[in-house]
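Here, residue 1 is the first one in the sequence, and each next residue gets the next number.
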Amino acid sequence: MDDPTNDVSFVIHALTRGSPSEQQTAIQTYFTSSASFSHPFCHTGSFEGSRYLILKIYQWYKILSPKIELEIHSVAFDPKSLVLFVSLTQLFTPFLAPIFANRVDLDVKLRLIQHRHTGKYYIASQTDLYTIDQWVRFLIPWGIGTAMVCFLQFLATLGCVLGAWVGAPITWARERMTAQGRGMGRLGEMRENGIGKTAGKATGAIEHEAEKVEELVEEARRAALQADDERAEETGLETYGKMQVVTT
């Protein structure tokens, strides 16, 4: 595929609605030789030549339902991870029992690889993602399976609510322990940071003031020496340490 976002629609229709030869061409053109296929009812794995199994799955799929209607709702491609998602709806009609026709929603996850020289994209794996209430329609049609799943899911939801009520004291105790641990940790951090920073600031201030005092003392000493030199020049004396020598 040159552009996965635009080309994937053609590939899907060729696999699901094309003739056996068109299916074979699509598999050989767009799938790697070691491509894998995963579905709630079958799985191929990945090995050299595994795309042959994918071809047979699609051919059997077409035999079961010669007429398949597809509607692609959205396509999303992540070029960094090379993953392509396709959201679609299909109408599957078994030729032996057309009354068992079912319309199901699914998401298809395609993991791609890109050829380093041509830049084309090839399908390395396909995963068909069905929710339970969707794939059960293949087994129990007319909405009965979906209703059963929804009922069981509702019971599971009630179980979650009951479990949350019963386990409330446990979560409350964990929350209190976590809050106390955070409080002690913050208190220790405040103490450490507060005392350390205060001591550091005080030490820095003292050192700064000491440097200022030393600078003032040095300036005073220099001023005194300069004053002595000026007086010596006026009186004709040169001062060497504590001795005065008269110069002529």
Side-chain angles (χ1 to χ4, degrees), residues 8-9 12 15-16 35-47 50 53-54 56-58 60-62 64-65 68-78 80-112 123-189:
V8 69
S9 177
I12 291 176
L15 292 174
T16 57
S36 64
F37 179 85
S38 181
H39 185 277
F41 300 134
C42 55
H43 181 76
T44 64
S46 177
F47 54 89
S50 56
L53 300 179
I54 301 176
K56 295 309 174 183
I57 290 173
Y58 273 110
W60 174 241
Y61 176 80
K62 188 67 183 295
L64 290 176
S65 180
I68 298 175
E69 297 181 8
L70 285 175
E71 181 181 359
I72 297 177
H73 304 296
S74 62
V75 178
F77 177 54
D78 184 0
K80 291 184 178 180
S81 59
L82 295 179
V83 175
L84 181 67
F85 285 96
V86 183
S87 178
L88 57 89
T89 299
Q90 68 171 347
L91 178 61
F92 183 82
T93 306
F95 79 98
L96 293 177
I99 60 175
F100 291 152
N102 287 289
R103 187 179 300 274
V104 295
D105 299 323
L106 72 148
D107 295 318
V108 179
K109 177 183 177 182
L110 300 174
R111 189 171 297 278
L112 310 179
I123 300 173
S125 69
Q126 175 182 342
T127 304
D128 290 350
L129 306 173
Y130 294 83
T131 57
I132 298 178
D133 63 310
Q134 295 297 312
W135 64 258
V136 76
R137 296 180 182 182
F138 291 108
L139 303 177
I140 308 176
W142 303 317
I144 299 176
T146 300
M148 294 174 59
V149 170
C150 291
F151 177 72
L152 294 176
Q153 289 175 332
F154 180 72
L155 291 181
T157 302
L158 293 180
C160 293
V161 174
L162 179 62
W165 285 345
V166 174
I170 299 176
T171 56
W172 176 82
R174 288 178 178 175
E175 184 177 359
R176 289 292 302 272
M177 293 175 63
T178 303
Q180 291 177 358
R182 289 178 179 175
M184 294 298 295
R186 289 180 180 177
L187 180 59
E189 183 179 355

Worksheet, complete the sentence: SG of Cys160 to CG of Leu155, rounded to nearest 0.5 Å, is 11.0 Å

Worksheet item: Are any side-chain N or O atoms of Ser38 and backbone N or O atoms of Thr127, one a donor and one an acceptor, separated by less than 3.5 Å?
Response: no

Practice prompt. For the pair Cys42 and Ile57, evaluate side-chain contact (heavy atoms from CB on, under 4.5 Å) and give the outcome as yes or no after the intermediate values.
Written response: CA-CA 9 Å; Cys42 55; Ile57 290 173; 4.0 Å; yes

Fill in: Thr157 side, atom OG1; Leu152 side, atom CG - distance, nearest 0.5 Å
10.5 Å

Practice prompt. Examine Phe77 together with Phe85 and report whether their ring centres are nearer than 6.0 Å.
Written response: no

Worksheet entry | Among Leu84, Asp78, Val8, the one residue meeting side-chain contact (heavy atoms from CB on, under 4.5 Å) with Leu112 | Leu84

Discussion item. Could you measure the distance from the CZ atom of Arg103 to the OG1 atom of Thr93? Nearest 0.5 Å is fine.
Written reply: 8.5 Å

Discussion item. If I compare all heavy atoms of Val166 with all of Pro169, which pair ends up nearest, and what's the gap?
Written reply: O-CD, 3.3 Å

Worksheet item: So how far is it from Ser87 OG to Ile72 CD1, rounded to the nearest 0.5 Å?
Response: 9.5 Å

Practice prompt. Grab the two heavy atoms, one from Ile123 and one from Ala35, that are nearest each other, plus how far apart they are.
Written response: O-CB, 3.6 Å

Item to complete: Mind telling me whether Tyr58 and Tyr61 have parallel, tilted or perpendicular rings, with 30° and 60° as the class edges?
Response: perpendicular

Discussion item. Assess the residue pair His39 and Phe37 against the criterion (side-chain contact (heavy atoms from CB on, under 4.5 Å)); give the C-alpha distance rounded to whole Å, side-chain angles, the decisive distance to 0.1 Å, and a yes or no.
Written reply: CA-CA 7 Å; His39 185 277; Phe37 179 85; 3.6 Å; yes

Practice prompt. For the pair Thr89 (side chain) and Asp105 (backbone), establish whether a donor and an acceptor sit closer than 3.5 Å, ignoring hydrogens and angles.
Written response: no

Fill in: Leu158, CG atom: more than 12 neighbouring heavy atoms under 6.0 Å
yes

Worksheet item: Given the rule in the side-chain contact (heavy atoms from CB on, under 4.5 Å) test, do Lys62 and Thr16 qualify, once you have shown the distances and angles that lead to the verdict?
Response: CA-CA 7 Å; Lys62 188 67 183 295; Thr16 57; over 6 Å; no

Practice prompt. Report the C-alpha separation of Leu88 and Glu71 in whole Å, then their side-chain angles, then the decisive distance to 0.1 Å, and conclude whether the side-chain contact (heavy atoms from CB on, under 4.5 Å) test is met.
Written response: CA-CA 6 Å; Leu88 57 89; Glu71 181 181 359; over 6 Å; no

Worksheet, complete the sentence: Closest non-hydrogen contact found for Gly45 with Ser36 is O-CB, 3.2 Å

Practice prompt. Identify the heavy atoms of Ser65 and Ile68 that sit nearest to each other, and give their distance.
Written response: O-CG1, 3.3 Å

